[in-house]
Each structure stands twice: as structure tokens, then as C-alpha cells.
J.: 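One structure follows; several queries about it will come next.
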Amino acid sequence: IDSEDDLLQECITSAMPNKK
Amino acid sequence: PDSPLARWNKSLHSLLGDQDGAHLFRTFLEREKCVDTLDFWFACNGFRQMDIKDPKALRVAKAIHKRYIENCGVVSKQLKPPTKVFVRDSIKKQLIDSTMFDPAQAEIQLMMEDNAYQMFLTSDIYLEYV
């Protein structure tokens with residue numbers, strides 16, 4: 001199970017521009 | 001004519017929609033000790049894109065609230081008290097909605113547009129990049 005911090009980081013990263 | 005720099009000058013949205021622009025703005029905010037405002041802004045966008053029926057959504061909402069709103073950090077200080085109460089109550093009642101962070105994000109965005117973004121456009125870090 002993902003930790004809270006991982007979930008939050010994943011959420012932020014998903015919204016970052018121009019993912020490669 | 002439509003270089004990245006020209007786009008960065010157009011609006012905060014254009015700046016944050018560009019990978020290099022967002023990265024440089026983040027570096028600037030780290031120096032100004034208010035990078036949380038940008039992370040919060042992206043977290044709100046990320047949350048809005050989530051499937052609200054996914055059990056993860058409640059956990060992410062709680063994580064955003066705990067990390068940025070519940071404490072006395074830079075985001076929390078810039079939000080109006082009713083806006084914070086609205087988010088807190090939504091989580092408490094488990095009324096998780098895609099738009100539940102929209103008012104808070106709008107307040108933070110307005111602050112960034114009026115302050116950090118304007119400062120960024122005249123900052124050393126931006127001018128050096130130019």
C-alpha cells in the first residue's frame with residue numbers, strides 16, 4: 001500500500017507539464 | 001514569435017504549462033521559501049484529474065489537506081478561513097468531489113499571479129535564463 005507521501009507526490013507529478 | 005519566453009510572460013498559466021518554465025519558477029519559489037504554493041497548485045490539478053470513485057481519492061484529499069492546509073505553512077496562511085473550513089468539512093463528511101479544492105486553488109493562484117509571478121519575471125534567475 002502506498003504511503004500518504006507517495007500518493008501526494010504521485011498526484012503532483014501527474015499534473016506537471018510535458019511529462020516524458 | 002511564440003518562443004517559450006514570450007509564452008512565460010503571457011500568463012502564470014502559460015508559464016506553468018511549460019516544463020522549463022514550471023521548473024525555473026519552482027527554483028525561484030524554493031529560494032523565496034514558498035515552493036509549497038506551487039506544489040499545492042499542481043496537487044489540486046492532479047486531484048481534479050483523479051477518478052473520484054477511486055478509494056485513493058479520499059486518501060489524496062486527506063494528504064493534501066494535512067500537508068498544505070491543516071498546518072501553519074505558507075499555503076495555509078494565504079487561504080481565507082472559510083475556504084479552509086470548507087475543505088476540512090468536505091473531508092470530515094467524506095464528501096469528496098473533484099472540485100473540492102477549486103476555491104483554495106483559486107485563492108493561491110491569485111496570490112501567485114499578483115506576487116510571486118510578478119517577482120519572478122523581474123528576478124535574477126529569470127533574467128539569467130533569458
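Quick note: numbers below take in every heavy atom, side chains included, and nothing from hydrogens, waters or symmetry partners. Lettering follows sequence order; numbering is per chain, from 1.
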J.: What closest approach, in Å, do A:Pro17 and B:Leu16 show between heavy atoms, and which atom pair accounts for it?
T.: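 That would be CG-O, 3.3 Å.
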J.: Say you draw a straight line from CZ of B:Phe40 to CG of A:Leu8; how long is it, rounded to the nearest 0.5 Å?
T.: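 Separation between the atoms: 10.5 Å.
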J.: So which bits of residues 82-117 of chain B come within less than 4.5 Å of chain A, counting non-hydrogen atoms only?
T.: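 The list, in residue order, is empty: none.
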J.: Roughly how far, to the nearest 0.5 Å, is the CZ atom of B:Arg59 from the CD atom of A:Glu4?
T.: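 That separation rounds to 7.5 Å.
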J.: How far does CD1 of A:Ile12 sit from CD1 of B:Ile64, to the nearest 0.5 angstrom?
T.: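 Interatomic distance, A:Ile12 CD1 to B:Ile64 CD1, rounded to 0.5 Å: 7.5 Å.
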J.: Quick one: SG on A:Cys11 to CZ on B:Arg48, what's the gap to the nearest 0.5 Å?
T.: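 Atom-to-atom, A:Cys11:SG and B:Arg48:CZ are 10.5 Å apart.
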J.: Heavy-atom cut-off 4.5 Å, strictly under: side chain, backbone, both or neither for A:Gln9 against chain B?
T.: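 Neither part; nothing is under 4.5 Å.
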